[in-house]
Amino acid sequence: MLQFLRELCAIDGTSGDECAVRDYIISKIEGNCEYNIDALGNIIAFKKGKNRAKKKVMLDAHMDEVGLVITHITDDGFLKFCTVGGINCESMMFRRVKINGNTIGVIGGKPIHLCKGDEGKKLPETDSLYIDIGACDRAAAEKMVAVGDRAVICSEFTLCENKIMSKALDDRVGCAILIKLINEESDYDFYATFSVEEEVGLRGARTAAYTVNPDCAIVLEGTTAADIAGVKQESRVCVLGKGAAVSFMDGATVYDREYYKAALTSGILCQPKCAVTGGNNAGAIHLTRSGVRTLAISVPCRYIHSASSVCDVNDINAAYQLARKMISEMASGSL
Amino acid sequence: MDIKELIVKLSDAVSIGNITEARDIAYGELSKYADCRKTDSLTVIGEIKGESDYTLMLDAHIDEVGFIVKDIDKNGFLTVEKCGGIDLRSLPSRVVTIHGKRAVTGVFCSTPPHLKEKANFESIDGIKIDTLLGSAAAEVISIGDYMTYNAKAAHLSDRRISGKALDDRVGVAVLLDLARRLSAKRLPFNVVFCISDMEELGTRGARTATYEVSPDEAIAIDVSFADGPDIPALECGKLGGGAMVGIAPILDRQMSDKLTALAASASIPYQTEVMGSATGTDGDVISITRKGVRTAVVSIPIRNMHTDVEIVDINDVTAVCDLLEKYILEGGVR
């Protein structure tokens, strides 16, 4: 699962441009399930289990990561861009980026020495940022990139004891867990969706859930952990190493209370997500058709939506074990 | 090793405080072409003798900006001080290397999205570093350990390089390339190559090295601001516009005039950088050491100075090498 995660994180796939991620996932689940690709690019898979499911369970993980899209090429050969999904300015200042999976550029700016007054203490406007690919003028730049091209902030997957640092942990952790669940024997049938465009409005999950029409759903995600220096106890949301984070409520969903409690009492290492913040594909899934009972199981991630997000391998394992247990509980009809 | 490879190798290496990796590489290269020694203050000095006792010193600094650890908390988060000028706004979620008992990859923390208070860039005390080691951090990292940017150099298009310490490893690369070029030639005077330390902390190494060398004239090779969308054209040079020849009241006017005249006549790309007083380089202290030294400053244009995504244009580096080689062979201002 760690190897899947390492390889998944290395792939660039921003919202609406997930094809390389999709191809990788298909190559890993091929032969272990039936699947098709829908109009938006979602993978909709069916995993046959040892027993028929009494309730139709759908697991979802999103393939897309946050990134940038090139909007304009200036006469001097610089690239203007806007974000795809939420990235804050300080995660973008003076960073290396990769465009189209191969062209290296730099988000440049005014050096601190030339900043006047308070300028050097306030973040610049995001739309004042630009990418420098080393082109001398527009013509040179146009040989290398085009408007509409996607970029990600460069990152190197780092494993240190039990901690992982990488871009796109949100939500390649979810994808890695779901690949593993599909590739093993399951007690019960379940559906798995690897969805697109979560970061730009939970779009793929909306249509995938309509297609699958589940009774219940589990969303596998990465969620913000603020267990870092300088953050008060009550603002930490969840803590690395304390297991899968289970949500009771967030900015988009009020989760099924019974599922939430069942997860916390499952005997698997997990913690409540102690904040009503953020949102994920459950926001779209639970409102599908006449409603879907939904649970979110998340891996705590520090510095989420940056190129250096950090999570704990033990939490990924816990999320996988919890998901596995909850599939059986839900599909068997006991919950 | 060609100059591009040299720049990459030097930029990727570390030299800060008592860590001397880049300096050792430079020493190794320089000693192929010049008689080298290290001074008491650990500046590297190499000399190629010429046909008179007159001495011209070329200076570039080997140290890079970075950080020093001042606290390690029980959860493995560090507090650091800056070593040199750093833009605090660029730090959150930036990957660093902590040089403890072994190299540790860490990351500057960033304010989580749900915490409404804006990030504070007043002091680096509030911006912590996550070592990923938790409570085991203190076994590997100690107070006083150095920390540097973690970024391997990359090529942008065929002429431009991005790296973490191009300031002033490109200057050092110029010195090394000149040593290679000049070692095969008869020189009108002695040329001393001074790879000095602690420029970023107040031009310290150049001060003591110049006292020891006591040259007749000197040229400091450093970097200076290159153009970008937010930067007024009058405050910077042009990336790709050639060697930036400094013109300032504290610099020797005959030297800067000769440099610009030579560049023009030999069609070496150059531009001028006019400053009203001091230059912010080793040239400022070199010129007032002992009885004074006739000094010039030649700079390589650089974007994003003091970040780990600095950018230079190789044509500018070559222009500086060509210009200084010509200047030396034509006898300087002796």
Side-chain angles (χ1 to χ4, degrees), chain A residues 74 76 78 86 88-91 93-96 104-115 120-124 128 130 132-136 140 144 154-156 158 160-161 163 165 224-231 235 237 240-241 275 277-278 302-310, chain B residues 73 75 77-79 85-95 104-105 107-115 118-119 121-122 126 128 130-134 136 150-151 154-162 225 227-231 235-236 239-240 280 303-309 311 313:
Chain A
T74 71
D76 294 323
F78 295 107
N88 50 22
C89 185
E90 62 260 41
S91 301
M93 286 185 73
F94 299 116
R95 306 288 152 149
R96 195 173 293 180
I104 303 287
V106 156
I107 299 178
K110 188 188 286 194
I112 189 72
H113 320 63
L114 298 181
C115 291
K121 297 205 177 116
K122 290 187 302 214
L123 290 167
S128 72
Y130 61 91
D132 181 351
I133 51 173
C136 305
M144 295 156 74
C154 290
S155 145
E156 216 175 283
T158 304
C160 172
E161 312 269 325
K163 299 251 186 9
M165 178 164 68
T224 185
D227 59 329
I228 63 177
V231 174
S235 302
V237 186
L240 261 59
T277 184
R302 293 176 186 161
Y303 329 121
I304 206 163
H305 286 198
S306 78
S308 326
S309 190
V310 175
Chain B
D73 83 5
N75 296 314
F77 289 87
L78 311 179
T79 310
I86 304 271
D87 190 335
L88 300 187
R89 302 168 302 163
S90 70
L91 296 180
S93 71
R94 187 169 300 273
V95 182
V104 173
T105 301
V107 61
F108 274 99
C109 298
S110 60
T111 311
H114 64 291
L115 291 180
K118 286 190 197 311
F121 303 110
E122 294 290 327
K128 309 293 182 188
D130 186 347
T131 60
L132 310 191
L133 296 173
N150 174 317
H155 294 276
L156 306 182
S157 76
D158 55 348
R159 281 171 41 179
R160 294 177 175 179
I161 301 174
S162 180
F225 306 107
D227 52 334
D230 301 330
I231 306 169
E235 290 182 30
C236 60
L239 193 70
R303 286 186 178 148
N304 314 317
M305 196 190 287
H306 286 189
T307 69
D308 67 16
V309 293
I311 298 173
D313 186 312

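Sequence lines set the chain letters: A, B, ... in the order given, protein chains first and strands last, and positions in each chain run from 1.
If you tally non-hydrogen atom pairs under 4.5 Å between each of A/C160, A/A140, A/G230 and chain B, the highest count goes to A/C160. Listed options B/G85, B/P92, B/G280 were ranked by heavy-atom pairs under 4.5 angstrom with chain A; first place goes to B/P92. If you tally non-hydrogen atom pairs under 4.5 Å between each of A/M144, A/K122, A/H113 and chain B, the highest count goes to A/H113. Most heavy-atom pairs under 4.5 Å with chain A, from the set B/A154, B/G134, B/G228: that is B/A154. For the set A/G86, A/A275, A/G120, the entry with the most heavy-atom pairs within less than 4.5 Å of chain B is A/G120. For the set A/K163, A/H305, A/K121, the count of heavy-atom pairs under 4.5 angstrom toward chain B peaks at A/K121. Contact count against chain A (heavy-atom pairs under 4.5 Å) is highest for B/C109 among B/C109, B/C236, B/A136, B/G126. When each of A/V237, A/I304, A/D132 is scored by its heavy-atom pairs under 4.5 Å with chain B, the top score falls to A/D132.
For the pair B/P113 and A/T224, the minimum side-chain heavy-atom distance is below 4.5 Å. Residues A/M93 and B/D87 are in side-chain contact: their nearest non-hydrogen atoms beyond the backbone lie under 4.5 Å apart.
If you take CG on B/L132 and CD on A/E161, they are separated by 10.0 Å, rounding to the nearest 0.5 Å. Rounded to the nearest 0.5 Å, atoms CD1 (A/I112) and OG1 (B/T307) are 11.5 Å apart.
Heavy atoms closer than 4.5 Å to chain A are found in the side chain of B/I311, but not in its backbone. Residue A/S235 touches chain B through both its backbone and its side chain, counting heavy-atom pairs closer than 4.5 Å. Contact annotation for B/L91: only backbone heavy atoms (N, CA, C, O) come within less than 4.5 Å of a heavy atom of chain A. Heavy-atom distances place the side chain of A/R302, and not its backbone, under 4.5 Å from chain B. Heavy-atom distances place the backbone of A/D227, and not its side chain, under 4.5 Å from chain B. Heavy atoms of A/C89 lying under 4.5 Å from chain B are absent altogether. Only the backbone of A/A135 comes within contact range of chain B, judged by heavy atoms closer than 4.5 Å. Within the 4.5 angstrom heavy-atom criterion, atoms from both the backbone and the side chain of B/D230 approach chain A. Looking at B/R89, both its backbone and its side chain come within 4.5 Å of chain A, counting heavy atoms on both sides. Of the atoms belonging to B/D308, heavy atoms from both backbone and side chain fall under 4.5 Å from chain A. Only the side chain of B/F77 comes within contact range of chain A, with heavy atoms under 4.5 Å apart. Only the side chain of A/Y130 comes within contact range of chain B, with heavy atoms under 4.5 Å apart. Residue contact with chain B, scored on non-hydrogen atoms closer than 4.5 Å, involves the backbone and the side chain of A/Y303 alike. Contacts between B/S110 and chain A at a heavy-atom distance below 4.5 Å involve backbone atoms as well as side-chain atoms. Looking at B/R94, both its backbone and its side chain come within 4.5 Å of chain A, counting heavy atoms on both sides.
Looking at B/H155, its side chain never comes within 3.5 Å of a backbone N or O of A/I104 through a donor-acceptor pair. Counting only distance, with no hydrogens or angles, the side chain of B/N75 and the backbone of A/I228 share no donor-acceptor pair below 3.5 Å. A/S308 places a side-chain N or O within donor-acceptor distance of the main-chain N or O of B/S93, the cut-off being under 3.5 Å. Between the side chain of A/R96 and the backbone N or O of B/V309, no donor-acceptor pair lies under 3.5 Å.
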Criterion side chain to side chain contact (heavy atoms under 4.5 Å, CB included) on B/S157 and A/I133, from CA distance to verdict: CA-CA 7 Å; B/S157 76; A/I133 51 173; over 6 Å; no
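Summarising the local packing, CD of B/E235 is surrounded by more than 12 heavy atoms from other residues, nucleotides or ligands at distances under 6.0 Å.
When all heavy atoms of B/I231 and A/P111 are compared, the closest pair comes out as CD1-CD, 3.8 Å. What you find for A/C136 and B/R160 is that their closest heavy atoms are SG-NH2, 3.7 Å. In this structure, A/N88 and B/T111 approach most closely via the heavy-atom pair ND2-O, 4.3 Å.
With sequence neighbours left out, the side-chain contact (heavy atoms from CB on, under 4.5 Å) criterion links A/T158 to A/M165, B/T105. With sequence neighbours left out, the salt bridge (charged side-chain N to carboxylate O under 4.0 Å, His left out) criterion links A/E156 to no other residue.
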